[in-house]
Amino acid sequence: ELKVEQNPLFLSMQEGKNYTIYCNYSTTSDRLYWYRQDPGKSLESLFVLLSNGAVKQEGRLMASLDTKARLSTLHITAAVHDLSATYFCAGGGSQGNLIFGKGTKLSVKP
Amino acid sequence: GAGVSQSPSNKVTEKGKDVELRCDPISGHTALYWYRQSLGQGLEFLIYFQGNSAPDKSGLPSDRFSAERTGGSVSTLTIQRTQQEDSAVYLCASSSRTAPYEQYFGPGTRLTVT
């Protein structure tokens, strides 16, 4: 069964700095997702990565996928306070369901 | 168009009571998923419907949990004889045949069992 591990689980950043969240998964997954969750809110889809070498960018966030290394990264460029949230990566399960990592709680401080 | 909706948004119930949680997927979405989010277990997959059929119910945590979907649309998740460990946020998601990899989540139902 697919297992997904994220690190770090907690990340405190200063505004303007760059950082990367890592997502490792245990077995082959044909897709990798990144979601954002604000406190008390539901999950918002950020990226869906479908192939090796896929790179997607939206604003200050860039996600990439290396299927050979079973690794996805979410890179944050020049962080701003509005990016404070919990970020989840997820792989694809056998029923089309998502299998989530534990999440990375990001706090961006001025 | 309208997103995934869930009701109620909050439910407080006494231990031992039955509860029903409702999910209304995006119109035309054929696939529907239930997940549970709790502090201890993180985000767990519970059950998947394609149309009205749930091919695999093994993700449901116990036989107190059941789910159905009618008319290829609304789904209900029923928890019988609730226990305190059932307290969690229950999330529903749906996806379409044309974009099966895109799952859209509802706002969730926060269940508290006292």
Side-chain angles (χ1 to χ4, degrees), chain A residues 1-10 21 23-52 54 56 58 63 65 67 72 85-106, chain B residues 3-7 9-10 21 23-26 29-51 53-60 67 69 75 88-110 112:
Chain A
E1 181 184 89
L2 178 69
K3 293 194 188 315
V4 179
E5 288 190 5
Q6 283 180 245
N7 70 86
L9 299 182
F10 297 93
I21 300 170
C23 176
N24 291 91
Y25 54 97
S26 60
T27 63
T28 302
S29 176
D30 60 356
R31 56 203 186 281
L32 196 291
Y33 301 79
W34 286 95
Y35 281 84
R36 169 180 171 146
Q37 187 176 41
D38 291 291
K41 303 291 186 183
S42 191
L43 293 161
E44 174 192 353
S45 177
L46 295 175
F47 303 108
V48 182
L49 303 167
L50 298 177
S51 60
N52 188 41
K56 290 194 175 180
E58 181 74 34
L65 178 62
T67 58
S72 180
T86 299
Y87 293 84
F88 291 92
C89 68
S94 59
Q95 299 183 61
N97 56 297
L98 303 179
I99 298 173
F100 289 89
K102 292 188 184 300
T104 297
K105 187 171 182 179
L106 172 65
Chain B
V4 178
S5 60
Q6 292 186 245
S7 61
S9 55
N10 278 287
L21 312 180
C23 172
D24 208 334
I26 292 171
H29 279 197
T30 54
L32 186 149
Y33 302 83
W34 283 98
Y35 298 86
R36 177 168 78 169
Q37 185 172 27
S38 60
L39 280 176
Q41 301 298 321
L43 275 155
E44 306 170 86
F45 165 65
L46 299 180
I47 193 167
Y48 152 69
F49 287 91
Q50 180 62 352
S53 299
D56 185 345
K57 300 181 182 180
S58 62
L60 295 174
R69 189 180 185 194
S75 175
V89 176
Y90 290 81
L91 293 162
C92 174
S94 69
S95 65
S96 69
R97 272 194 203 280
T98 54
Y101 295 133
E102 294 280 356
Q103 288 193 22
Y104 296 88
F105 281 80
T109 293
R110 180 175 296 278
T112 304

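Here is how names work: the chains are called A, B, and so on, in the same order as the sequence lines, proteins then strands, and each is numbered from 1. Predicted model only: the values in this text are computed from it and were never measured.
- Here B:G106 is the residue among B:G42, B:G106, B:P100 with the most heavy-atom pairs under 4.5 Å with chain A.
- Contacts of B:Y104 with chain A are absent, with no heavy-atom separation under 4.5 Å from either backbone or side chain.
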Which atom pairs, one a donor and one an acceptor, fall under 3.5 Å between side chains of residues 90-102 of chain A and the rest of the protein, sequence neighbours left out?
residue	atom	partner	partner atom	Å
A:Q95	NE2	B:D56	OD2	3.4
A:N97	OD1	A:Q95	N	3.2

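- Only the side chain of B:Y33 comes within less than 4.5 Å of a heavy atom in chain A; its backbone stays farther off.
- Of the two parts of B:Q37, only the side chain, counted from C-beta on, holds a non-hydrogen atom closer than 4.5 Å to a non-hydrogen atom of chain A.
- In this structure, the portions of B:L43 lying under 4.5 Å from any heavy atom of chain A include both its backbone and its side chain.
- B:F49 is linked by a ring pair (Phe, Tyr, Trp, His ring centres under 6.0 Å) to nothing, counting only residues two or more places apart in sequence or in another chain.
- B:R110 places no side-chain N or O within 3.5 Å of a backbone atom of B:A88 that could act as its donor or acceptor partner.
- Taking the ring centroids of B:Y101 and A:Y33, they lie at or beyond the 6.0 Å cut-off.
- Within 6.0 Å of CD in B:E102 there are more than 12 heavy atoms belonging to other residues, nucleotides or ligands.
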